Each structure stands twice: as C-alpha cells, then as structure tokens.
Amino acid sequence: MARLIRRSPIQGNILKSLREEEWLRDEECLADMEYLACVHDILTNESFQSMKQYIQHGYTTTLTHCLHVSYYSYKVCKRYNLDYCSAARAGLLHDLYLYDWHTHAKETGEHFHGFTHPGIALRNASHIFELNATERDAIVKHMWPLTMVPPKTWEGFVVSFADKYCGLVETVLRYQNRKVAARA
C-alpha cells in the first residue's frame, strides 16, 4: 500500500489519453482507478507501447497479453492481501523483450526464447523503470516451471499462473477463430 501513496495521482489528461489508445479502449482495467495508479507510468511509456507491434499468442499483441496478465495478477493479489501493485507492474513488464519471437531465432540463431526472454525482459524493464525485488523476481521467474527456479514470492507465482492462463485463453481463441473462418 505504501507504493500507492508514493506514486503521483493520475491526472484527468493522462486517463483521457489512455482511453484514446485503441488497444486500451474496451479494457475493464480503465475503470479501476487504483489499478491505474499502480501502472500508469508503464502504460504511457513508449517502449511499453511499442509491444503493440508484436504478436504473442494467435492474434493477441504482446502488449494486450501483458495487460491481461497484469490485471488478473492485480485482482488476485488484491483479493488475497498481497502486494497487488508489484504484481500489476510485473505483469505488464514480464514480456518486455521487444522483438518478434516468431522470427527471432531465424534472425539471431537464438532458439531458446522460452528460457531467455525473462532475463531480457528484466534487463529492459530495469533500464526503463525502478523495480523492487518482488517485481524483479516475478519478471525473471514468470516462465516457471520451464525455467526450473520457482518464484520467491506469492506475487511471482500469481504472475506466472496468470501468464499461463492468459496464454491458454489466447491460444484457444485463435483456434476457435480459425474454425469459424473455415466454416464461413
């Protein structure tokens, strides 16, 4: 809760600019002022917004995927009296690797994106934002159990599971959309 008090309040013009963003227009999180107070600096950051050019799962952009992971993590952590601000921030930043992972291996020869991108995301996020220990741990360990070392915090587990849940939903929606398109 102390983190919320230290952050500057969202001004009307910031909220208005967020509502004008096409990728945020219909998102439930815009109505949650407490959530926005935790993450507005990330949402308005150019590097973060550049993630809307990369596709994550199916037709979902990396930015939208991270927004969903963030908001689910925030809601779960808030419900269980955990550090919901850190979870929300880590959820937004967990995939801040800033490249198209579908073509990355061909372009660089790096074939282990699932193992390496958490460290890349943490490095990128650390260069742009001040992160606390909970946020750093959740970002770098969000691919657990693939990366073997589990998160040290409950918030890290929540972000990791929210990431798996959102990825599954996005993938299922992709296949459902393909079936509908094939029938048409």
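Since we're looking at a predicted model, the values are computed, not measured.
A continuous path of hydrophobic side-chain contacts links Phe48 to Ile128 [ILVMFWY only; heavy atoms under 4.5 Å]. Under the 4.5 Å side-chain contact rule for hydrophobic residues, Val39 and Val158 do not share a cluster. No single ILVMFWY cluster, assembled from side-chain heavy atoms under 4.5 Å apart, contains both Phe161 and Val169. By the criterion of side-chain heavy atoms lying less than 4.5 angstrom apart, applied directly or through intervening Ile, Leu, Val, Met, Phe, Trp or Tyr residues, Tyr74 is grouped together with Met33 in one hydrophobic cluster.
With sequence neighbours left out, Ala125 forms a side chain to side chain contact (heavy atoms under 4.5 Å, CB included) with Leu93, Leu96, Leu131, Ile139.
Arg89 and Asp41 get closest at one heavy-atom pair: NH1-OD1, 2.7 Å. When all heavy atoms are compared, the tightest approach of Val69 to Asp163 is CG2-CA, 3.7 Å. In plain terms, the two heavy atoms of Tyr72 and Ala162 that are nearest each other are CB-CB, 4.2 Å. Scanning both residues, His94 and Gly91, for their nearest heavy atoms gives ND1-O, 2.6 Å. Contact detail for Lys152 and Asp137: the closest heavy-atom pair is N-OD2, 2.7 Å. When all heavy atoms of Cys77 and Tyr84 are compared, the closest pair comes out as CB-CA, 3.7 Å.
Between the side chain of Ser160 and the main chain of Phe157, no donor-acceptor pair closer than 3.5 Å is present. Lys141 contributes no side-chain N or O that, together with a main-chain N or O of Pro118, makes up a donor-acceptor pair within less than 3.5 Å.
Judged by distance alone, the side chains of Ser73 and Ser70 never bring a donor and an acceptor atom under 3.5 Å apart.
From Ile42, atom CD1 reaches atom CD of Gln49 across 12.0 Å, with rounding to the nearest 0.5 Å. Note: His68 NE2 to Leu92 CG = 11.0 Å, rounded to the nearest 0.5 Å. Taking CG of Leu67 as the start and CE of Met51 as the end, the distance is 9.0 Å to the nearest 0.5 Å. Rounding to the nearest 0.5 angstrom, the gap separating the OH atom in Tyr71 from the SG atom in Cys38 is 11.0 Å. Of the inter-residue distances, the one linking Glu155 atom CD with Tyr80 atom OH reads 14.0 Å to the nearest 0.5 angstrom. Note that CD of Glu135 is 4.0 Å distant from OG of Ser86, once rounded to the nearest 0.5 Å.
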Inset, instruction - Let me see the working for Asp83 and Asn132 under side-chain contact (heavy atoms from CB on, under 4.5 Å), right down to the final yes or no. - result: CA-CA 11 Å; Asp83 184 355; Asn132 65 32; 4.3 Å; yes
Inset, instruction - In sequence, state the C-alpha distance, the side-chain angles, and the governing distance for Leu36 and Leu43, and then conclude on side-chain contact (heavy atoms from CB on, under 4.5 Å). - result: CA-CA 9 Å; Leu36 290 173; Leu43 292 175; 3.7 Å; yes
Inset, instruction - For side-chain contact (heavy atoms from CB on, under 4.5 Å), just list the numbers for Tyr35 and Lys78, CA-CA rounded to whole Å, side-chain angles, deciding distance to a tenth of an Å, and then say yes or no. - result: CA-CA 10 Å; Tyr35 171 76; Lys78 189 171 181 182; over 6 Å; no
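Considering Thr62, Leu63, Thr64 in turn, Thr62 is the only one that fulfils the side chain to side chain contact (heavy atoms under 4.5 Å, CB included) rule with Cys66.
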